[in-house]
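Here's the structure, in C-alpha coordinates; my notes come after.
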Amino acid sequence: MLALGATPSLFASPKAGRPAILGGDPIHQGGWSKWPIWEPETDEKRVLEVLRSGVWSRAGIVSEFEAKWAETVGTKRCLTLVNGTNALITSLIQLDIGAGDEVLVPPYTFIATVAAVLAAGAMPIFVDIDRDTFQIDPKKIEAKITPQTKAILPVHICGLPADMHSIMEIAKKHNLLVVEDACQAWTAEIDHKQVGTFGNAGCFSFQNSKNIPIGEGGAIVSNDDEFIDRCFSYHNYGHAYGSMVGVVGPGSQMPGTKLRLTEYQAAIGLAQLVRFEEQSQTRSKNAEYLRDQIKDIPGISPYRLYDNVTRAAYHLFPFRYHQEAFQGLSREDFMKALRAEGIPCSSGYTTLNTMPFLKTAFESKNYTRMYSKELLDYEKYMEHNQCPENDILCNEEAVWFTQNMLLGPRSDMDDIARAIRKIHQNADQLKKAS
Ligand SMILES: *Cc1c(COP(=O)(O)O)cnc(C)c1O
(Lines give C-alpha, C1' and ligand atoms only; values in the text may rest on other atoms or scores of the structure.)
Protein backbone atom coordinates (compact mmCIF):
# COMPACT_ATOMS: atom_id res chain seq x y z
CA MET A 1 0.00 0.00 0.00
CA LEU A 2 2.85 2.37 0.87
CA ALA A 3 4.54 1.61 -2.39
CA LEU A 4 1.33 2.36 -4.27
CA GLY A 5 0.94 5.60 -2.38
CA ALA A 6 4.42 6.71 -3.37
CA THR A 7 3.64 6.66 -7.07
CA PRO A 8 0.07 7.91 -7.36
CA SER A 9 0.37 9.00 -10.97
CA LEU A 10 1.24 5.52 -12.11
CA PHE A 11 -1.28 3.58 -10.06
CA ALA A 12 -4.18 5.82 -9.12
CA SER A 13 -5.80 6.02 -12.50
CA PRO A 14 -5.71 2.37 -13.54
CA LYS A 15 -7.03 1.37 -10.11
CA ALA A 16 -9.76 4.02 -10.23
CA GLY A 17 -10.75 2.89 -13.69
CA ARG A 18 -10.61 -0.81 -12.92
CA PRO A 19 -13.92 -2.50 -12.10
CA ALA A 20 -14.34 -2.94 -8.35
CA ILE A 21 -15.09 -6.61 -8.83
CA LEU A 22 -11.59 -6.96 -10.34
CA GLY A 23 -9.93 -5.10 -7.48
CA GLY A 24 -10.56 -1.47 -8.39
CA ASP A 25 -12.12 1.16 -6.15
CA PRO A 26 -15.90 1.07 -5.91
CA ILE A 27 -17.59 4.14 -7.40
CA HIS A 28 -20.14 4.55 -4.59
CA GLN A 29 -18.58 4.44 -1.16
CA GLY A 30 -21.39 5.86 0.99
CA GLY A 31 -24.67 4.16 1.78
CA TRP A 32 -28.15 4.79 0.48
CA SER A 33 -31.22 6.33 2.09
CA LYS A 34 -32.46 3.90 4.69
CA TRP A 35 -36.01 2.66 4.56
CA PRO A 36 -38.46 3.12 6.17
CA ILE A 37 -37.83 6.63 7.41
CA TRP A 38 -39.02 7.45 10.93
CA GLU A 39 -38.36 10.68 12.81
CA PRO A 40 -39.22 10.26 16.49
CA GLU A 41 -39.58 14.03 17.12
CA THR A 42 -42.26 14.57 14.50
CA ASP A 43 -43.71 11.11 13.97
CA GLU A 44 -44.26 9.61 17.38
CA LYS A 45 -46.73 12.03 18.98
CA ARG A 46 -49.88 10.60 17.35
CA VAL A 47 -48.67 7.02 17.69
CA LEU A 48 -48.00 7.45 21.42
CA GLU A 49 -51.40 9.11 21.89
CA VAL A 50 -53.04 6.11 20.29
CA LEU A 51 -51.02 3.64 22.35
CA ARG A 52 -51.84 5.44 25.61
CA SER A 53 -55.53 5.81 24.76
CA GLY A 54 -56.06 2.05 24.64
CA VAL A 55 -58.27 2.53 21.56
CA TRP A 56 -56.31 0.30 19.24
CA SER A 57 -58.96 -1.37 17.13
CA ARG A 58 -60.43 0.52 14.18
CA ALA A 59 -61.85 3.96 15.16
CA GLY A 60 -61.30 7.65 14.41
CA ILE A 61 -57.65 7.62 13.33
CA VAL A 62 -58.34 4.96 10.69
CA SER A 63 -61.24 7.07 9.37
CA GLU A 64 -58.97 10.12 9.37
CA PHE A 65 -56.33 8.27 7.33
CA GLU A 66 -59.01 7.07 4.89
CA ALA A 67 -60.38 10.60 4.42
CA LYS A 68 -56.85 11.88 3.86
CA TRP A 69 -56.01 9.18 1.31
CA ALA A 70 -59.29 9.68 -0.59
CA GLU A 71 -58.55 13.40 -0.74
CA THR A 72 -54.95 12.79 -1.85
CA VAL A 73 -56.01 10.42 -4.64
CA GLY A 74 -59.05 12.46 -5.60
CA THR A 75 -61.80 9.92 -4.99
CA LYS A 76 -64.99 10.17 -3.00
CA ARG A 77 -64.20 7.20 -0.82
CA CYS A 78 -61.39 5.10 0.60
CA LEU A 79 -61.44 1.96 2.71
CA THR A 80 -58.29 0.73 4.41
CA LEU A 81 -57.63 -2.96 4.99
CA VAL A 82 -54.89 -5.17 6.39
CA ASN A 83 -52.89 -5.17 3.15
CA GLY A 84 -52.92 -4.54 -0.59
CA THR A 85 -53.48 -8.20 -1.39
CA ASN A 86 -56.76 -8.15 0.52
CA ALA A 87 -57.67 -4.82 -1.05
CA LEU A 88 -57.52 -6.64 -4.39
CA ILE A 89 -59.36 -9.74 -3.14
CA THR A 90 -62.11 -7.65 -1.52
CA SER A 91 -62.53 -5.51 -4.64
CA LEU A 92 -62.83 -8.54 -6.90
CA ILE A 93 -65.32 -10.32 -4.63
CA GLN A 94 -67.47 -7.22 -4.10
CA LEU A 95 -67.57 -6.60 -7.85
CA ASP A 96 -69.02 -10.12 -8.03
CA ILE A 97 -66.00 -11.59 -9.77
CA GLY A 98 -65.56 -15.26 -8.93
CA ALA A 99 -66.15 -18.82 -10.08
CA GLY A 100 -66.18 -19.15 -13.86
CA ASP A 101 -64.97 -15.62 -14.51
CA GLU A 102 -61.79 -14.81 -16.36
CA VAL A 103 -59.67 -11.88 -15.22
CA LEU A 104 -57.02 -10.45 -17.55
CA VAL A 105 -53.72 -9.77 -15.78
CA PRO A 106 -50.19 -8.89 -16.83
CA PRO A 107 -47.51 -11.48 -16.00
CA TYR A 108 -45.05 -8.75 -15.01
CA THR A 109 -46.24 -8.13 -11.45
CA PHE A 110 -45.89 -9.18 -7.85
CA ILE A 111 -47.50 -12.54 -7.10
CA ALA A 112 -50.24 -10.85 -5.04
CA THR A 113 -52.05 -9.70 -8.20
CA VAL A 114 -52.55 -13.25 -9.42
CA ALA A 115 -53.01 -14.69 -5.93
CA ALA A 116 -55.95 -12.30 -5.49
CA VAL A 117 -57.65 -13.58 -8.65
CA LEU A 118 -57.25 -17.16 -7.43
CA ALA A 119 -58.47 -16.27 -3.93
CA ALA A 120 -61.66 -14.90 -5.52
CA GLY A 121 -62.10 -18.21 -7.36
CA ALA A 122 -61.66 -16.61 -10.77
CA MET A 123 -59.31 -17.65 -13.57
CA PRO A 124 -56.25 -15.47 -14.26
CA ILE A 125 -55.59 -15.03 -17.98
CA PHE A 126 -52.24 -13.49 -18.83
CA VAL A 127 -51.84 -10.68 -21.35
CA ASP A 128 -48.25 -10.09 -22.45
CA ILE A 129 -46.45 -6.86 -21.70
CA ASP A 130 -44.73 -4.12 -23.63
CA ARG A 131 -41.03 -4.37 -22.80
CA ASP A 132 -40.44 -0.65 -23.41
CA THR A 133 -42.87 0.40 -20.70
CA PHE A 134 -42.85 -2.79 -18.58
CA GLN A 135 -46.69 -2.53 -18.55
CA ILE A 136 -49.56 -4.69 -19.82
CA ASP A 137 -49.75 -4.24 -23.61
CA PRO A 138 -53.23 -2.90 -24.48
CA LYS A 139 -52.79 -4.11 -28.06
CA LYS A 140 -52.75 -7.69 -26.79
CA ILE A 141 -55.83 -7.49 -24.55
CA GLU A 142 -58.66 -7.99 -27.05
CA ALA A 143 -57.23 -11.28 -28.34
CA LYS A 144 -57.61 -12.71 -24.83
CA ILE A 145 -61.25 -11.66 -24.31
CA THR A 146 -63.79 -14.50 -24.28
CA PRO A 147 -67.46 -14.70 -23.21
CA GLN A 148 -66.12 -15.61 -19.74
CA THR A 149 -63.98 -12.48 -19.38
CA LYS A 150 -65.35 -10.37 -16.57
CA ALA A 151 -62.59 -7.92 -15.71
CA ILE A 152 -59.22 -6.43 -16.53
CA LEU A 153 -56.75 -6.11 -13.67
CA PRO A 154 -54.05 -3.76 -14.95
CA VAL A 155 -51.02 -3.21 -12.72
CA HIS A 156 -49.11 0.09 -12.66
CA ILE A 157 -45.92 -1.81 -12.22
CA CYS A 158 -42.82 -0.14 -10.78
CA GLY A 159 -45.07 2.85 -10.04
CA LEU A 160 -45.19 3.70 -13.77
CA PRO A 161 -48.75 4.15 -15.07
CA ALA A 162 -50.23 1.54 -17.39
CA ASP A 163 -51.97 2.87 -20.52
CA MET A 164 -55.33 3.43 -18.80
CA HIS A 165 -56.96 5.40 -21.64
CA SER A 166 -56.58 2.42 -23.99
CA ILE A 167 -57.51 -0.09 -21.29
CA MET A 168 -60.69 1.78 -20.31
CA GLU A 169 -61.69 2.04 -23.97
CA ILE A 170 -61.40 -1.73 -24.38
CA ALA A 171 -63.24 -2.33 -21.08
CA LYS A 172 -66.09 -0.08 -22.18
CA LYS A 173 -66.35 -1.72 -25.58
CA HIS A 174 -66.53 -5.21 -24.07
CA ASN A 175 -68.45 -4.28 -20.93
CA LEU A 176 -65.68 -5.37 -18.57
CA LEU A 177 -64.99 -4.30 -15.00
CA VAL A 178 -61.60 -2.77 -14.20
CA VAL A 179 -59.73 -3.16 -10.92
CA GLU A 180 -56.46 -1.23 -10.88
CA ASP A 181 -53.54 -2.68 -8.97
CA ALA A 182 -51.94 0.60 -7.91
CA CYS A 183 -50.06 -1.12 -5.08
CA GLN A 184 -46.82 0.44 -6.37
CA ALA A 185 -48.24 3.65 -7.82
CA TRP A 186 -49.39 6.10 -5.13
CA THR A 187 -50.35 9.43 -6.84
CA ALA A 188 -48.99 8.49 -10.25
CA GLU A 189 -50.99 10.30 -12.94
CA ILE A 190 -52.16 10.12 -16.51
CA ASP A 191 -53.21 13.51 -17.89
CA HIS A 192 -53.29 14.79 -14.30
CA LYS A 193 -55.77 12.09 -13.22
CA GLN A 194 -54.44 9.70 -10.64
CA VAL A 195 -54.10 5.99 -11.26
CA GLY A 196 -56.56 3.99 -9.20
CA THR A 197 -59.35 6.39 -10.22
CA PHE A 198 -59.88 5.16 -13.79
CA GLY A 199 -61.46 1.78 -13.10
CA ASN A 200 -64.23 0.53 -10.80
CA ALA A 201 -61.74 0.24 -7.95
CA GLY A 202 -58.15 1.19 -7.24
CA CYS A 203 -56.03 -0.79 -4.78
CA PHE A 204 -53.00 0.42 -2.82
CA SER A 205 -50.43 -1.17 -0.52
CA PHE A 206 -48.68 0.35 2.50
CA GLN A 207 -46.38 -2.62 3.15
CA ASN A 208 -43.01 -1.69 4.62
CA SER A 209 -41.02 -1.64 1.37
CA LYS A 210 -43.63 0.55 -0.34
CA ASN A 211 -43.37 4.32 -0.79
CA ILE A 212 -45.85 4.89 2.08
CA PRO A 213 -44.70 2.31 4.64
CA ILE A 214 -46.90 1.25 7.57
CA GLY A 215 -45.53 -2.26 8.05
CA GLU A 216 -48.67 -3.76 6.58
CA GLY A 217 -51.73 -1.99 5.20
CA GLY A 218 -53.82 -1.52 2.10
CA ALA A 219 -56.63 0.59 0.67
CA ILE A 220 -59.40 0.52 -1.89
CA VAL A 221 -60.50 3.78 -3.48
CA SER A 222 -63.61 4.40 -5.55
CA ASN A 223 -66.24 7.00 -6.34
CA ASP A 224 -68.94 4.34 -6.00
CA ASP A 225 -70.48 4.76 -2.52
CA GLU A 226 -72.44 1.54 -2.67
CA PHE A 227 -69.35 -0.46 -3.68
CA ILE A 228 -67.20 0.95 -0.86
CA ASP A 229 -70.04 0.39 1.63
CA ARG A 230 -70.17 -3.23 0.53
CA CYS A 231 -66.38 -3.54 0.85
CA PHE A 232 -66.58 -2.00 4.31
CA SER A 233 -69.27 -4.41 5.35
CA TYR A 234 -67.27 -7.35 3.98
CA HIS A 235 -64.09 -6.26 5.81
CA ASN A 236 -66.06 -6.19 9.07
CA TYR A 237 -67.88 -9.57 9.12
CA GLY A 238 -70.69 -8.30 6.92
CA HIS A 239 -72.01 -5.92 9.53
CA ALA A 240 -74.26 -3.27 8.06
CA TYR A 241 -72.55 -0.09 6.94
CA GLY A 242 -73.71 3.00 5.07
CA SER A 243 -76.04 1.98 2.29
CA MET A 244 -75.79 -1.64 3.42
CA VAL A 245 -79.06 -1.83 5.31
CA GLY A 246 -79.50 -3.88 8.44
CA VAL A 247 -78.63 -3.72 12.06
CA VAL A 248 -75.14 -3.16 13.35
CA GLY A 249 -74.42 -6.04 15.66
CA PRO A 250 -75.25 -9.70 15.47
CA GLY A 251 -77.17 -10.77 12.42
CA SER A 252 -74.84 -9.85 9.63
CA GLN A 253 -76.72 -9.65 6.38
CA MET A 254 -73.89 -10.57 4.05
CA PRO A 255 -70.94 -12.92 4.30
CA GLY A 256 -67.77 -11.18 5.36
CA THR A 257 -64.45 -11.55 7.04
CA LYS A 258 -62.27 -9.32 9.18
CA LEU A 259 -59.61 -7.21 7.52
CA ARG A 260 -59.58 -4.04 9.62
CA LEU A 261 -56.60 -1.73 9.99
CA THR A 262 -55.63 -0.72 13.54
CA GLU A 263 -55.48 2.78 15.00
CA TYR A 264 -51.72 2.73 15.52
CA GLN A 265 -51.15 1.63 11.92
CA ALA A 266 -53.24 4.59 10.76
CA ALA A 267 -51.24 6.92 13.04
CA ILE A 268 -48.01 5.65 11.46
CA GLY A 269 -49.59 6.16 8.02
CA LEU A 270 -50.57 9.75 8.82
CA ALA A 271 -46.97 10.46 9.85
CA GLN A 272 -45.72 8.97 6.56
CA LEU A 273 -48.17 11.03 4.50
CA VAL A 274 -46.63 14.26 5.83
CA ARG A 275 -43.35 13.58 4.03
CA PHE A 276 -44.81 11.67 1.08
CA GLU A 277 -45.19 14.59 -1.36
CA GLU A 278 -41.66 15.86 -0.88
CA GLN A 279 -40.25 12.34 -1.22
CA SER A 280 -42.30 11.78 -4.38
CA GLN A 281 -40.87 14.91 -5.94
CA THR A 282 -37.33 13.92 -5.00
CA ARG A 283 -37.84 10.45 -6.55
CA SER A 284 -39.25 12.00 -9.73
CA LYS A 285 -36.41 14.48 -10.12
CA ASN A 286 -33.75 11.87 -9.46
CA ALA A 287 -35.39 9.26 -11.69
CA GLU A 288 -35.70 11.69 -14.59
CA TYR A 289 -32.12 12.80 -14.12
CA LEU A 290 -30.79 9.24 -13.86
CA ARG A 291 -32.80 8.20 -16.89
CA ASP A 292 -31.17 11.00 -18.84
CA GLN A 293 -27.70 10.06 -17.63
CA ILE A 294 -27.92 6.39 -18.66
CA LYS A 295 -30.17 6.44 -21.72
CA ASP A 296 -27.30 6.86 -24.18
CA ILE A 297 -25.07 4.16 -22.73
CA PRO A 298 -25.08 1.43 -25.39
CA GLY A 299 -27.02 -1.60 -24.19
CA ILE A 300 -29.04 0.30 -21.58
CA SER A 301 -32.74 1.03 -22.24
CA PRO A 302 -34.46 2.80 -19.37
CA TYR A 303 -38.25 2.44 -18.91
CA ARG A 304 -40.41 4.45 -21.29
CA LEU A 305 -43.38 6.40 -19.90
CA TYR A 306 -46.52 6.69 -22.04
CA ASP A 307 -46.79 10.18 -23.55
CA ASN A 308 -49.76 11.16 -21.38
CA VAL A 309 -48.11 10.30 -18.07
CA THR A 310 -47.90 13.46 -15.98
CA ARG A 311 -46.43 11.86 -12.88
CA ALA A 312 -44.90 8.50 -11.94
CA ALA A 313 -44.42 7.03 -8.47
CA TYR A 314 -41.07 5.29 -9.06
CA HIS A 315 -41.49 2.48 -6.59
CA LEU A 316 -38.73 1.00 -8.72
CA PHE A 317 -36.40 2.38 -11.37
CA PRO A 318 -36.38 -0.27 -14.08
CA PHE A 319 -34.23 -0.50 -17.16
CA ARG A 320 -33.38 -3.15 -19.72
CA TYR A 321 -29.89 -4.55 -20.12
CA HIS A 322 -28.74 -5.84 -23.50
CA GLN A 323 -25.71 -8.08 -23.12
CA GLU A 324 -24.75 -7.83 -26.83
CA ALA A 325 -23.65 -4.25 -26.18
CA PHE A 326 -21.59 -5.43 -23.18
CA GLN A 327 -19.41 -7.96 -25.05
CA GLY A 328 -21.86 -10.72 -24.11
CA LEU A 329 -21.46 -10.11 -20.36
CA SER A 330 -24.45 -11.84 -18.77
CA ARG A 331 -27.04 -9.84 -16.83
CA GLU A 332 -26.03 -11.74 -13.69
CA ASP A 333 -22.37 -10.78 -14.12
CA PHE A 334 -23.33 -7.19 -14.98
CA MET A 335 -25.29 -6.98 -11.72
CA LYS A 336 -22.46 -8.53 -9.73
CA ALA A 337 -20.08 -5.93 -11.15
CA LEU A 338 -22.58 -3.14 -10.42
CA ARG A 339 -23.04 -4.31 -6.83
CA ALA A 340 -19.28 -4.38 -6.39
CA GLU A 341 -19.28 -0.70 -7.40
CA GLY A 342 -21.58 -0.05 -4.42
CA ILE A 343 -24.82 0.02 -6.45
CA PRO A 344 -27.46 -2.47 -5.22
CA CYS A 345 -29.66 -3.86 -7.98
CA SER A 346 -31.97 -6.74 -8.75
CA SER A 347 -33.20 -8.62 -11.80
CA GLY A 348 -36.77 -8.29 -10.52
CA TYR A 349 -39.65 -10.61 -11.21
CA THR A 350 -39.56 -14.16 -12.48
CA THR A 351 -42.21 -15.37 -14.93
CA LEU A 352 -45.44 -15.65 -12.93
CA ASN A 353 -47.40 -17.36 -15.69
CA THR A 354 -45.12 -20.40 -15.51
CA MET A 355 -45.09 -20.80 -11.73
CA PRO A 356 -46.35 -24.06 -10.19
CA PHE A 357 -48.85 -22.38 -7.84
CA LEU A 358 -51.27 -22.13 -10.77
CA LYS A 359 -51.17 -25.88 -11.32
CA THR A 360 -51.69 -26.46 -7.61
CA ALA A 361 -54.69 -24.14 -7.64
CA PHE A 362 -56.16 -26.00 -10.64
CA GLU A 363 -55.83 -29.29 -8.72
CA SER A 364 -57.50 -27.91 -5.59
CA LYS A 365 -60.91 -29.03 -4.40
CA ASN A 366 -62.46 -25.61 -5.05
CA TYR A 367 -61.16 -25.29 -8.59
CA THR A 368 -62.01 -28.86 -9.62
CA ARG A 369 -65.58 -28.20 -8.46
CA MET A 370 -65.86 -24.73 -10.04
CA TYR A 371 -64.35 -25.42 -13.48
CA SER A 372 -64.60 -28.09 -16.14
CA LYS A 373 -61.73 -30.55 -16.72
CA GLU A 374 -61.06 -28.88 -20.02
CA LEU A 375 -60.62 -25.43 -18.47
CA LEU A 376 -58.27 -26.92 -15.89
CA ASP A 377 -56.10 -28.65 -18.50
CA TYR A 378 -52.82 -27.17 -17.32
CA GLU A 379 -50.85 -27.90 -20.51
CA LYS A 380 -53.50 -26.16 -22.58
CA TYR A 381 -53.63 -23.29 -20.11
CA MET A 382 -49.84 -22.88 -20.27
CA GLU A 383 -49.97 -22.87 -24.04
CA HIS A 384 -52.72 -20.24 -24.11
CA ASN A 385 -50.97 -18.09 -21.49
CA GLN A 386 -47.52 -17.83 -23.02
CA CYS A 387 -46.01 -14.36 -22.75
CA PRO A 388 -42.82 -14.29 -24.83
CA GLU A 389 -42.12 -10.60 -24.28
CA ASN A 390 -42.38 -11.05 -20.54
CA ASP A 391 -40.08 -14.08 -20.73
CA ILE A 392 -37.37 -11.95 -22.33
CA LEU A 393 -37.87 -9.15 -19.82
CA CYS A 394 -37.75 -11.44 -16.77
CA ASN A 395 -35.14 -13.92 -17.94
CA GLU A 396 -32.73 -11.65 -19.82
CA GLU A 397 -33.23 -7.93 -19.63
CA ALA A 398 -34.78 -6.33 -16.55
CA VAL A 399 -32.69 -4.62 -13.88
CA TRP A 400 -34.15 -2.59 -11.01
CA PHE A 401 -33.08 -0.03 -8.48
CA THR A 402 -35.34 0.40 -5.43
CA GLN A 403 -37.22 3.59 -4.59
CA ASN A 404 -35.10 4.52 -1.55
CA MET A 405 -32.04 4.84 -3.82
CA LEU A 406 -33.87 7.73 -5.53
CA LEU A 407 -34.15 9.71 -2.27
CA GLY A 408 -30.48 10.64 -2.00
CA PRO A 409 -28.58 13.59 -3.50
CA ARG A 410 -28.07 13.96 -7.24
CA SER A 411 -24.49 12.76 -6.76
CA ASP A 412 -25.93 9.30 -5.97
CA MET A 413 -27.50 9.28 -9.44
CA ASP A 414 -24.19 10.36 -10.96
CA ASP A 415 -22.53 7.46 -9.17
CA ILE A 416 -25.05 4.98 -10.59
CA ALA A 417 -24.51 6.32 -14.10
CA ARG A 418 -20.72 6.34 -13.72
CA ALA A 419 -20.75 2.77 -12.42
CA ILE A 420 -22.78 1.54 -15.40
CA ARG A 421 -20.51 3.42 -17.81
CA LYS A 422 -17.44 1.97 -16.11
CA ILE A 423 -18.80 -1.54 -16.52
CA HIS A 424 -19.59 -0.82 -20.16
CA GLN A 425 -16.06 0.47 -20.80
CA ASN A 426 -14.57 -2.60 -19.13
CA ALA A 427 -17.06 -5.13 -20.46
CA ASP A 428 -14.40 -7.00 -22.41
CA GLN A 429 -12.20 -7.48 -19.34
CA LEU A 430 -15.22 -8.41 -17.20
CA LYS A 431 -16.43 -10.93 -19.73
CA LYS A 432 -13.00 -12.58 -19.84
CA ALA A 433 -12.89 -12.75 -16.05
CA SER A 434 -16.42 -14.14 -15.75
C1 LIG B 1 -47.12 -5.00 -2.82
C2 LIG B 1 -48.00 -5.36 -3.93
C3 LIG B 1 -49.24 -5.96 -3.75
C4 LIG B 1 -49.73 -6.47 -2.43
O5 LIG B 1 -49.69 -5.59 -1.40
P6 LIG B 1 -49.44 -6.10 0.09
O7 LIG B 1 -49.78 -4.90 0.90
O8 LIG B 1 -48.01 -6.50 0.20
O9 LIG B 1 -50.37 -7.23 0.35
C10 LIG B 1 -50.03 -6.19 -4.86
N11 LIG B 1 -49.63 -5.87 -6.09
C12 LIG B 1 -48.43 -5.30 -6.32
C13 LIG B 1 -48.07 -4.95 -7.71
C14 LIG B 1 -47.58 -5.04 -5.26
O15 LIG B 1 -46.39 -4.51 -5.49
Side-chain angles (χ1 to χ4, degrees), residues 85 88 102-118 122-146 149 151-164 166-167 170 178-185 195 299-306 309 312 314-324 330-332 334-335 345-362 378-402:
T85 308
L88 289 165
E102 293 177 356
V103 177
L104 305 181
V105 294
Y108 199 72
T109 183
F110 182 55
I111 192 167
T113 314
V114 181
V117 176
L118 293 174
M123 185 64 84
I125 301 293
F126 291 93
V127 176
D128 209 352
I129 49 112
D130 173 356
R131 279 190 289 141
D132 285 337
T133 62
F134 291 71
Q135 310 300 317
I136 189 168
D137 188 344
K139 291 192 294 295
K140 299 192 172 117
I141 292 178
E142 283 195 289
K144 291 290 177 91
I145 294 175
T146 72
T149 310
I152 309 175
L153 207 177
V155 183
H156 307 287
I157 206 66
C158 304
L160 315 178
D163 181 3
M164 286 313 295
S166 304
I167 292 167
I170 296 165
V178 175
V179 175
E180 290 174 75
D181 183 340
C183 285
Q184 297 185 0
V195 304
I300 300 294
S301 308
Y303 63 86
R304 180 174 85 77
L305 294 176
Y306 291 104
V309 169
Y314 300 107
H315 178 57
L316 296 156
F317 181 105
F319 64 94
R320 289 185 295 139
Y321 171 77
H322 309 285
Q323 65 173 32
E324 319 84 75
S330 73
R331 178 178 59 169
E332 202 46 55
F334 166 78
M335 289 193 304
C345 56
S346 141
S347 56
Y349 296 127
T350 48
T351 55
L352 260 185
N353 53 322
T354 65
M355 279 192 193
F357 73 95
L358 288 160
K359 188 166 191 279
T360 312
F362 288 7
Y378 185 66
E379 298 306 317
K380 246 192 195 159
Y381 176 87
M382 287 284 283
E383 180 65 30
H384 181 63
N385 282 279
Q386 283 178 11
C387 295
E389 294 294 312
N390 185 61
D391 291 346
I392 296 171
L393 191 61
C394 292
N395 298 334
E396 297 169 35
E397 292 186 338
V399 181
W400 290 352
F401 301 129
T402 53

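Here the side chain of Thr109 pairs no donor or acceptor atom with the backbone of Pro106 at under 3.5 angstrom. Side-chain atoms of Arg320 never come within 3.5 Å of backbone atoms of Leu393 as a donor-acceptor pair (strictly under, hydrogens ignored). The backbone N or O of Met123 sits nowhere less than 3.5 Å from a side-chain atom of Glu102 that would complete a donor-acceptor pair. With Asp132 contributing its side chain and Arg304 its backbone, the two residues share no donor-acceptor pair below 3.5 Å. Under a 3.5 Å cut-off, the side chain of Arg131 and the backbone N or O of Ile392 do not form any donor-acceptor pair. Side-chain atoms of Lys144 never come within 3.5 Å of backbone atoms of Asn385 as a donor-acceptor pair (strictly under, hydrogens ignored). Gln135 places a side-chain N or O within donor-acceptor distance of the main-chain N or O of Leu160, the cut-off being under 3.5 Å. Thr351 places no side-chain N or O within donor-acceptor distance of the main-chain N or O of Asn353, the cut-off being under 3.5 Å.
In this structure, Phe110 and Tyr349 have tilted ring planes: the angle between them lies in the 30° to 60° band. Between Phe319 and Phe334, the two ring planes are perpendicular [angle over 60°; tilted spans 30° to 60°].
Between Tyr303 and Leu305, some side-chain heavy-atom pair lies under the 4.5 Å cut-off. Contact check for Leu316 versus Phe134: no side-chain heavy atoms found under the 4.5 Å cut-off. Here the side chains of Ile145 and Ile170 are in contact, with some heavy-atom distance below 4.5 Å. Contact of the Val155 side chain with the Gln184 side chain is not registered, since no non-hydrogen atoms from C-beta on lie closer than 4.5 Å. The side-chain heavy atoms of Leu153 and Leu88, taken from C-beta on, include a pair separated by under 4.5 Å. Asp128 is listed as a side-chain neighbour of Asn390, based on a closest heavy-atom distance under 4.5 Å. A 4.5 Å side-chain heavy-atom check between Val399 and Ile300 finds every atom pair outside the cut-off. Counting heavy atoms from C-beta on, the side chains of Pro124 and Tyr381 come closer than 4.5 Å.
The two residues Thr85 and Ala116 make their nearest non-hydrogen contact at O-CB, 4.2 Å. The heavy-atom pair separating Pro154 from Val179 by the smallest distance is CD-O, 3.2 Å. Between Pro107 and Leu352, the shortest heavy-atom contact is O-CB, 3.6 Å. Scanning both residues, Tyr306 and Pro138, for their nearest heavy atoms gives OH-CD, 4.2 Å. Here the shortest heavy-atom pairing between Ala162 and His156 reads N-ND1, 2.9 Å. When all heavy atoms are compared, the tightest approach of Val105 to Ile136 is C-CD1, 4.3 Å.
The CD1 atom of Ile167 lies 8.0 Å from the CD atom of Glu180; values are rounded to the nearest 0.5 Å. The distance from atom CH2 of Trp400 to atom OG of Ser347, rounded to the nearest 0.5 Å, is 8.5 Å. The line from NE2 of His384 to CE of Met382 is 13.0 Å long, rounded to the nearest 0.5 Å. Note that the CZ atom of Arg331 and the CD atom of Gln323 stand 9.5 Å from one another [nearest 0.5 Å]. Taken from CD1 in Ile111 to CZ in Phe357, the straight-line distance is 4.0 Å, to the nearest 0.5 Å.
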Evaluate side-chain contact (heavy atoms from CB on, under 4.5 Å) for His322 paired with Glu397, printing each intermediate quantity in order.
CA-CA 6 Å; His322 309 285; Glu397 292 186 338; 3.5 Å; yes
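Just one of Cys387, Pro318, Cys394 meets the side-chain contact (heavy atoms from CB on, under 4.5 Å) condition when paired with Tyr108; it is Cys394.
The pair Lys140-Asp130 fails the salt-bridge criterion, with no side-chain N (NZ, NE, NH1 or NH2) lying under 4.0 Å from an Asp/Glu carboxylate O.
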